[in-house]
Structure formats: C-alpha cells, structure tokens
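Chain identifiers are assigned alphabetically (A, B, ...) following the order of the sequence lines, protein sequences preceding nucleic acid strands; residue numbering begins at 1 within each chain.
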Amino acid sequence: MTGRERSNRCPTMEELSRSLSSATPDTHIEACEHCSRELAALRQVISLARTLPTPADRGDVDEQRAQLVALAERTSPAWRPRRVVVTLVVPLVAAAAAVAILLPRWMQETLPPTTSQARSVTPKDPQPPAPVTQRAESLPPTMPPPEATTASAGSAGSNVAPHAAVTPPPDQVARHRTARVEVARKTASSAEAHHPAAKTSTFILSATPPVEAGEVAFQRGIAALQAGNMSLATRELERAVGNPNSAVIEDSRFWLGVAHARAKRTRAAVDAFERFLDHHPGSVRRGEAATMLAWQLLALGERDRARTLFEEGLADDKPAVHRSARAGLLKLGERTEVGTR
Amino acid sequence: MSGKLLAFRRKEGAVAELSDEALLAACGVGETAALAALFDRYRAHVRRFISRLAGADARDLDDLVQTTFLEIFRAARKFRGASAVKSWIFGIAVNVVRQHARGERRRKAAMEQLVSVPAANVRCPDEATLGRQQLECVARALHELPHDLRVAFVMCDLEEVSGVEAARALGVRPGTLWRRLHDARLALRSAVKEGS
C-alpha cells in the first residue's frame, strides 16, 4: 500500500495510540505513510510535553527535608498512641482512682441504715400538719381520723388525729437531694485538689448525683399521698420499702403505714407500722407510729395492745402526737392524768 | 521470636541501602529517617510529576511535594506491595494535586502566565518561535485536559510508568486507563495541530 490517505487496513487512532506503548513494531504502520505520519505526530506531542520546563529548584533541599521531618514527627504514627495515652488514658485512670477512693465515703454519708443516720435524714423540724378539722361525728366511730387536727384534744365528742405529721414534709426529698449534691460537690473539690485530671469524673458526680430506685419510688409515693391517690401511694411506697438499702427506707416504711391507714386498709397499716417499729426502734417518728398503730388496732378491736401503744404515744414530746394519744385513751374509756399540752 | 516490633535505627549508609519497600515499612512505624531517605530518593521525580500535572509555580510546587511526602508517611502502613513504590507515590501525588486543583484557581493562574507571554510573529515564524509556540500549545492543552486524562498522560507518557502499574496506583481498570491515555493524546495532538 502506497496511498497517502488512510485505507481500510489502517489501524484506528486508538490502535495507533496503543502501538506507541507496544514493544513490537507494526509492519503496516511502518509501511503506511498515513499511519506513520499520525504516529509521528503523536510522538511529537509526547516529546514536546516532555520538554515542558519544570520550575527551577530553590536549592534548599536540606531545609525542606528538615522541615518535612519536623512535620512528620508531629504526625508520626508512633507518636499518636503516645498522645492518646497522655490525653485520654492518664486522666481516665486518675478519675477512676478518685472515684474508687471517694465513693465509699460518699456512700457512707448517703446511706442511712443506722439510727443516727436516720435522724440526720429525717427532718428535725417536720412540717406542721395541715390544720384540717374533722368532725368526729362524720367519721366512723372505730376509725381514727385520717387527717391531723388542731381541734382541742380535751373537747368531748371529738376525735383527734392519731398523730400530727401525716402530711408529708414537702421539702424532705429536696433535703435528701441537697445533701447528696453537697457531698458530691465536696467530693469534686477534694478530687480536683488531689487529682487535677479527675475534674471530668467529679463533674459527673456533682452534676448527676445518683438517685436510687428506692428514692425515686419514695418521691412518687409521697407525691401520690399528697395528691390523695392512696392506691398509687401504697404501690410506690411498697416499692420503696422493697429497697432495704435505700437512704429513705425509714421514711418509706413510715409513710407506707400512713398511706394504708388513709386508704382504710387497716390490717396492712398495722403490718406496716409494726415493721417500722421493729426496724427503727430509735426513730424520731416512733411515737407517731405507735399512736397510728394504736388507732388501727383499736379499729380492729385489739384494745389492750392499742392502750399500750397510746400510752407510749403519750410520752412523745410532740404536742400533736401527745394529744392524739390522749384522745385514743379517752376513746378507750380511760382517763389520763396527763393534761393537755 | 518475641514478635516485638523493632524501631528503625538509622546507621551510616544503611538507609541508602534499603529498598523502597523497606523504607515505606519503616515509615509505617513512624521512622522519620526513612521518610527523609524516601524524600532524597524521590523528591526530584515527585517534583517533576507534580509540576507537569499541576503546572504550579515553584513555591506551590515545593508545598505540594512536602504535602505528598507527608501523605506518604501517613499512608505508609497501607502499602501492600500491589504496585511499585514509585507508582504508588505518584498515586498519592495525584490525590494531593487533585485536592490542590479544586476550584480552578491554580489552573487560571497558570493560564494567566501563558497569556502574558508575548505572542509570536506568525507572519515570519522562524524555527525557534515555532517550537516555542508548539510548546505553549502543548502546555495549554495539557492544563486544559480533564484531570483524569491529564493524570493518565503525565503518568504513562511523561513519567513512563507502565499502564498496568498506573492503573493499580490509580485504582482503575487498565482498559479505563488506556482509554484516558488515548483521549489525552488525541486532544493534545489536535491542539498542537491547530496551533501550528
């Protein structure tokens, strides 16, 4: 083939392009003028491109190498784990150590299974009862008045509330929470003083003091009691009582008895108050519980036990409890030598 | 055999004797001396490759070279030996240049430089002027090529990396690379033909 133009036997441009990278020469391309010209043009383009100038080197190769090595040192794969250890592991270990040291102290301060601790948890000055006056005639003769009363205890024909503190102290839960947060705050400051790296963990302690299930149930039970939902109150308070290590176990047992009494579940109330007196013999609420239990027993016809418990209530130094106990004894037909306080 | 990973120790003359793969392995464990050795070994290649690929000026070029070697240092652990070290390094340089070229700012700057060159007297072109014109045409056409075509052309035709190696380094099929290379050659051929 001697023609100057492309013939049907000539390879396509793509094949020509591929032949550039081929080690074996194509006989047709060497013989064909058209193909040779096209191939030469492609080679010329590549040759021209290879002669494109590269910007002059600045000549500071040593400086560039040193700079590169310095940058690589910062991002070295071997250096990253060290940084992780310094920034994450060390503070975590310090925080864990701080928690391990301070948690037992914190638990000791917040868990009140003993009598002395119970006294610290129980409000020293409970909220005075709501001055709700109930006419004795409107109540069943054998049931104690469910609400506190300010009526004169000595007035004949009027029942007196079995004790004065049946209304839950509204700030009781808040006091528990405040005490916990305070302990957590002290823990945090102490941890920071000794372990600056423990700031994160102590912040968690102070920001979210742990709330146990028993305390949550107690709060719900008290709220239901105040709202008059005795069924819910007894359910939640029974749940609170089911946590014997709860910080509010003493109060839970007491208010469970109150809730049962208000719900007129006399037997359940008796059981609740008896458990309370068994578990917390030194409680500040012992007089109240004894008087409440006495009223329940009186309703059940157990006059002897009721009398004994009313007499115990008479010895209580709370005026309302004293009045209620004296009213109970009057109900039993026995005069007391103790005057009205 | 404890299996403990020994640190790369730089000894006099030892680094230069190590293979490219060994240097990359040392980079993978954070040995900067190996990176310095790789830099000495491939700096000129990478610089020329990036210059052809990106058309950057000298200062930008050195920055791109430095960025490329830092990326090599970071990615050294991922090198599995599927391709030659040189083409793998070029593959990393391609990615660095691609990131650099985004937004067309650098390309426009390069075009402005070409525009500022005085136009040749087309009525009486001598041989030197004709050659310079063709060179300008090639440079302009090369920088106007789509990025993938330019990469294929620079890597295969200018840096003479084999098609198979280039395809592995770029993570494309060989047929795709051949197509890109052929399209790039045709585009440049047309540009030079029109220019002359």
Side-chain angles (χ1 to χ4, degrees), chain A residues 6 10-24 26 29 34-85, chain B residues 5 7 27-33 35-36 39-40 43-44 47-52 55-62 65-67 69-70 72-74 76-77 131 134-135 137-139 141-142 153-154 156-158 160 162-163 178-179 181-193:
Chain A
R6 184 176 184 274
C10 290
T12 62
M13 282 300 289
E14 188 172 354
E15 288 167 341
L16 270 179
S17 174
R18 189 180 289 269
S19 70
L20 277 175
S21 308
S22 174
T24 55
D26 190 320
I29 294 173
H34 169 77
C35 293
S36 298
R37 196 175 60 249
E38 290 296 329
L39 193 62
L42 285 176
R43 283 190 175 131
Q44 185 192 13
V45 168
I46 294 170
S47 299
L48 274 172
R50 283 179 180 168
T51 58
L52 284 172
T54 302
D57 201 334
R58 289 187 295 174
D60 51 353
V61 179
D62 291 338
E63 186 185 337
Q64 290 178 35
R65 187 194 306 110
Q67 196 178 4
L68 174 68
V69 168
L71 286 169
E73 289 281 355
R74 289 189 211 164
T75 58
S76 166
W79 184 76
R80 284 178 186 165
R82 289 201 296 272
R83 185 172 59 179
V84 169
V85 167
Chain B
L5 191 62
C27 285
V29 296
E31 184 54 57
T32 53
L35 178 66
F39 181 79
D40 291 341
R43 175 183 166 276
R47 194 170 189 275
R48 187 181 60 203
F49 178 74
I50 292 176
S51 167
R52 287 168 168 172
D57 61 21
R59 183 165 292 277
D60 284 344
L61 189 57
D62 289 336
V65 169
Q66 188 181 72
T67 305
F69 277 97
L70 279 177
I72 290 168
F73 190 63
R74 291 192 185 104
R77 283 183 178 180
Q134 287 180 333
L135 200 61
C137 284
V138 169
L142 182 62
F153 181 76
V154 170
C156 294
D157 280 349
L158 305 190
E160 298 178 334
S162 73
W178 279 118
R179 167 59 59 187
L181 179 61
H182 169 69
D183 290 346
R185 284 169 177 171
L186 285 187
L188 291 174
R189 168 80 180 87
S190 301
V192 171
K193 200 173 182 179

Engineer: Do Glu160(B) and Arg50(A) have side chains that get closer than 4.5 Å, going by heavy atoms?
Structural biologist: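 Glu160(B) vs Arg50(A): side chains touch.
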Engineer: When rounded to the nearest 0.5 angstrom, what is the spacing between CG in Leu52(A) and CG in Leu158(B)?
Structural biologist: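 Rounded to the nearest 0.5 Å, the CG-CG separation comes to 7.5 Å.
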Engineer: Taking side chain as everything from C-beta outward and backbone as N, CA, C, O, which of these in Gln44(A) sits under 4.5 Å from a heavy atom of chain B? Side chain, backbone, both or neither.
Structural biologist: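 Only the side chain of Gln44(A) comes within 4.5 Å of chain B.
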Engineer: Considering only heavy atoms and a distance below 4.5 Å, find which of Leu188(B), Leu181(B), Val154(B), Asp183(B) pairs most often with chain A.
Structural biologist: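 Sorted descending by pairs with chain A, the first entry is Leu188(B).
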Engineer: Name the member of Arg52(B), Arg48(B), Arg43(B), Arg179(B) that forms the most heavy-atom pairs with chain A at distances under 4.5 Å.
Structural biologist: Arg43(B)
Engineer: Would you say Leu68(A) and Phe73(B) make side-chain contact, with heavy atoms under 4.5 Å?
Structural biologist: no
Engineer: Can you tell me which of Leu186(B), Asp157(B), Thr67(B), Val138(B) forms the most heavy-atom pairs within a distance under 4.5 Å of chain A?
Structural biologist: Asp157(B)
Engineer: Return the CD to OG1 distance between Glu73(A) and Thr32(B), rounded to the nearest 0.5 Å.
Structural biologist: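 One finds 4.0 Å between CD of Glu73(A) and OG1 of Thr32(B).
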Engineer: With a 4.5 Å heavy-atom cut-off, do Gln66(B) and Gln64(A) have their side chains touching?
Structural biologist: no
Engineer: Would you say the side chain of Val69(A) lies within less than 4.5 Å of the side chain of Phe39(B), judging by non-hydrogen atoms?
Structural biologist: no
Engineer: Assess whether side chain to side chain contact (heavy atoms under 4.5 Å, CB included) is satisfied between Arg185(B) and Val45(A), documenting all intermediate values.
Structural biologist: CA-CA 8 Å; Arg185(B) 284 169 177 171; Val45(A) 168; over 6 Å; no
Engineer: Between CZ of Arg189(B) and CG of Leu48(A), what distance do you get to the nearest 0.5 Å?
Structural biologist: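 Those atoms lie 11.0 Å apart.
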